[in-house]
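The structure under discussion appears below in the form of structure tokens.
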2 protein chains.
Amino acid sequence: MTTIHEVARAAGVSISTVSYALSGKRPVSEKTRMRIEDAVHALGYEPDAGARMLAGRRTHIFALTEPLRADTHAPTHMAFVLATAVAARRQGFDILLLTDEQASEGMNRVAASNLVDAILVLDVAPDDERVPIARSVGTPTIFIGLPDDREGLTCVDLDFEAAGRLAVDRLADAGHRRIALLGQTEVSYRKSNFPRRLLRGAQEQAAARDVTLDWSASGSAVTDASAVRACTETALARGDRAFIVHAVDDVHQVLLSVLAEHGLRVGDDVSVISAAASFDTAALPVPVDTIPLVPQRSCELAVDLAVRRLDDPLAPAEIHLIPPEYRSVGSVSPAQD
Amino acid sequence: MTTIHEVARAAGVSISTVSYALSGKRPVSEKTRMRIEDAVHALGYEPDAGARMLAGRRTHIFALTEPLRADTHAPTHMAFVLATAVAARRQGFDILLLTDEQASEGMNRVAASNLVDAILVLDVAPDDERVPIARSVGTPTIFIGLPDDREGLTCVDLDFEAAGRLAVDRLADAGHRRIALLGQTEVSYRKSNFPRRLLRGAQEQAAARDVTLDWSASGSAVTDASAVRACTETALARGDRAFIVHAVDDVHQVLLSVLAEHGLRVGDDVSVISAAASFDTAALPVPVDTIPLVPQRSCELAVDLAVRRLDDPLAPAEIHLIPPEYRSVGSVSPAQD
DNA sequence: TTGAAAGCGCTACCAA
DNA sequence: TTGGTAGCGCTTTCAA
């Protein structure tokens, strides 16, 4: 194993100079720095993680807590984990996984043992049990998602309410008086934090714009394609010609199929907006306007906030809502009365 | 922060006694042990991770490397990550995630910095670039999956070849002379290690039993339900009345739909076996015989092997193939000639 | 611009 | 059965 002493000896300097040359916390002359870097390279030196943790003030590890509820949508979840890991690594941090029961217990454990510098919270529930833990541990904690009670917490998320309002606005602007909202699974409106937020925003704006909003929870189209199909048929029978879809990939597929079967052309006879989808809506058989949910944005911001909190422990806790963006590809057309 | 000194003072013993009481590496009298445990509890003591790493010989962390290729099936992948995390935690280890580009680079980094005690390898490719890295790093590495070149490696996996043979055997035993194998995506037969292994086993046994095996790669039914449908129709037209499905959930759904549309009853007019599925096949609309892929089994074994390697660094590297198990629910019926 | 040295909080060896 | 203590390999303060 290569230690800092061997690097120092090879470069003909003291170990403190090596340490400073690598951390950049003290100016080191160009010449010595070069010699040190050469030695580091030649010896394949990598600072010992344990020693660094003990002596320094940083572990260079973030914990990522993910309870993985039964209704967790695997592809979306994976996108968030990946985005977090990439963002963290870019700042020099590794990700330690706290899954399942460890999602809560582990927070106390890793905080008490100084294993991590900060904790990132995924899969946030409305009444998340990690909220009180976050308040009690000394370790900076960032929520990616909004629990109901967020007093004193730092949270990051897409502004789902604004996304809901934006979608309704666009359709109302186009003259639609009735809008169908094809939503997430029933259970996710109770167990997750974001479906209800989007719904609330849409309902608010529907009231404000005096349009009718017909909401129906969907399932996954795979396990229950017929339910999605039924929802869509019902909406069409009601006279709805404007759809907001806040659901997974396959629900979009079914909706578009049913519309096609009815001879309705999207962006012509019927309007469709996909709200807060994290998959690539460009891959759908018909182009659909979208208000994308971009995991990278939330996760990078979360990591930035964690780092900021480390540099300045007094940084105030706040809620960071990312404003939704509307991407038009022509799937919304004027209402035909 | 609570240190071992405070615990020692509270319990009226020396720090070494506290250390030994907690690690169990030296006998400690019942009385003292109790007092120490009380103190630990009262103070909420948790050993400092950095100090433990530096002083001890263990970091109590395993790295989990997952490249996440585009064709990775998210739900299956998550099941493996979860199973690994749970198994590791049960033995007192946390999981450090090495994703994306870090899947390879990170191995060298965490090994050189002594951040982890062992490395677990997921999403193994036939020509996996982590194979040479595993050979060169000093850190024990366990592959969950089989690369083509496994000389000197420790690997764990379901015996997919045996699973393929077993499925063919059962259908051949029932008198079927033609079998359709509805497989994974085209790309996964090149990029992943297991689809080809199951296929090879099935082909071998088909040759041995002198039955015809019609293999077709499938896609995901969501993105290409019509392709799955077409495969099935073709197979039926060919006269195939026996199906082996080695594919994701939704492909099963489509197959069963098409069979139903043709008025063919599973376990009666037509035989179906689901091979190496990691989802719950009991949730399918029709009960189907299955040779399950159980992530828990592979992952627990992998973790056990890692721990064993730590205790005995000279433990020999070997390939551990988990024998497939056949679960019959009556979806295979005698061929009707 | 550089060096010397004091810990960081444990584990594990040596004594008792 | 227990205690004392020498490191583990760094970071960072103090001095030069």
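Naming convention: chains lettered A, B, ... in sequence-line order (proteins, then strands); numbering from 1 in each chain.
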Listed partners of A/Phe194 passing ring pair (Phe, Tyr, Trp, His ring centres under 6.0 Å), at least two apart
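Testing A/Phe194 for ring pair (Phe, Tyr, Trp, His ring centres under 6.0 Å), a comparison that skips the adjacent residues, returns A/Phe160, A/His246.
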Under the side-chain contact (heavy atoms from CB on, under 4.5 Å) rule, collect the residues that match up with [X], sequence neighbours excluded.
{"X": "A/Val28", "result": "A/Thr17, A/Tyr20, A/Ala21, A/Thr32, A/Arg33"}
{"X": "B/His320", "result": "B/Val156, B/Leu301, B/Leu305, B/Glu318"}
{"X": "B/Thr76", "result": "B/His73, B/Phe80, B/Ser278"}
{"X": "A/Gln296", "result": "A/Ala83, A/Val294, A/Glu300"}

For the helix from C/dT1-D/dA16 to C/dA16-D/dT1, what angle lies between the axis at the first five pairs and the axis at the last five pairs, to 10 degrees?
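The angle, to the nearest 10 degrees, is 30°.
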With a cut-off of 3.5 Å and sequence neighbours excluded, list every side-chain donor-acceptor pair involving residues 38-54 of chain B.
from    : atom 1 : to       : atom 2 : distance (Å)
B/Asp48 : OD1    : A/Asn114 : ND2    : 3.0
B/Asp48 : OD2    : B/Gly50  : N      : 3.0
B/Asp48 : OD2    : B/Ala51  : N      : 2.8

Counting N and O atoms only, with roles assigned by atom type, does the side chain of A/Asn193 sit under 3.5 Å from a partner on the main chain of A/Leu146, one being a donor and the other an acceptor?
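Flag set: sc A/Asn193 to bb A/Leu146 pair under 3.5 Å.
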Integer-rounded Å distance: D/dT1 P and B/Met34 CE:
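The distance from CE of B/Met34 to P of D/dT1 comes to 16 Å, rounded to the nearest Å.
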Name the atoms and distances for all side-chain donor-acceptor pairs under 3.5 Å in residues 61-68 of chain B, with sequence neighbours left out.
from    : atom 1 : to       : atom 2 : distance (Å)
B/Thr65 : OG1    : B/Ala103 : O      : 3.4
B/Thr65 : OG1    : B/Arg130 : NH1    : 2.5
B/Glu66 : OE1    : B/His77  : NE2    : 2.3

With B/Thr84, which residues qualify under side chain to side chain donor-acceptor pair (under 3.5 Å), at least two apart?
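Partners of B/Thr84 under the side chain to side chain donor-acceptor pair (under 3.5 Å) test: none.
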Residues two or more places apart in sequence or in another chain: which of them pass side chain to side chain donor-acceptor pair (under 3.5 Å) with A/Glu129?
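So A/Glu129 forms a side chain to side chain donor-acceptor pair (under 3.5 Å) with A/Ser104.
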Quick check for you: name the first and last nucleotides of DNA chain C, 5' to 3', having an atom under 4.0 Å from a heavy atom of chain A.
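The contact span of chain A on DNA chain C goes from C/dT1 to C/dG9.
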Which parts of nucleotides 9-16 of chain D does protein reach within less than 4.0 Å, heavy atoms only, written one letter per nucleotide 5' to 3' as B for base, S for sugar-phosphate only and - for none?
BBBBBB--
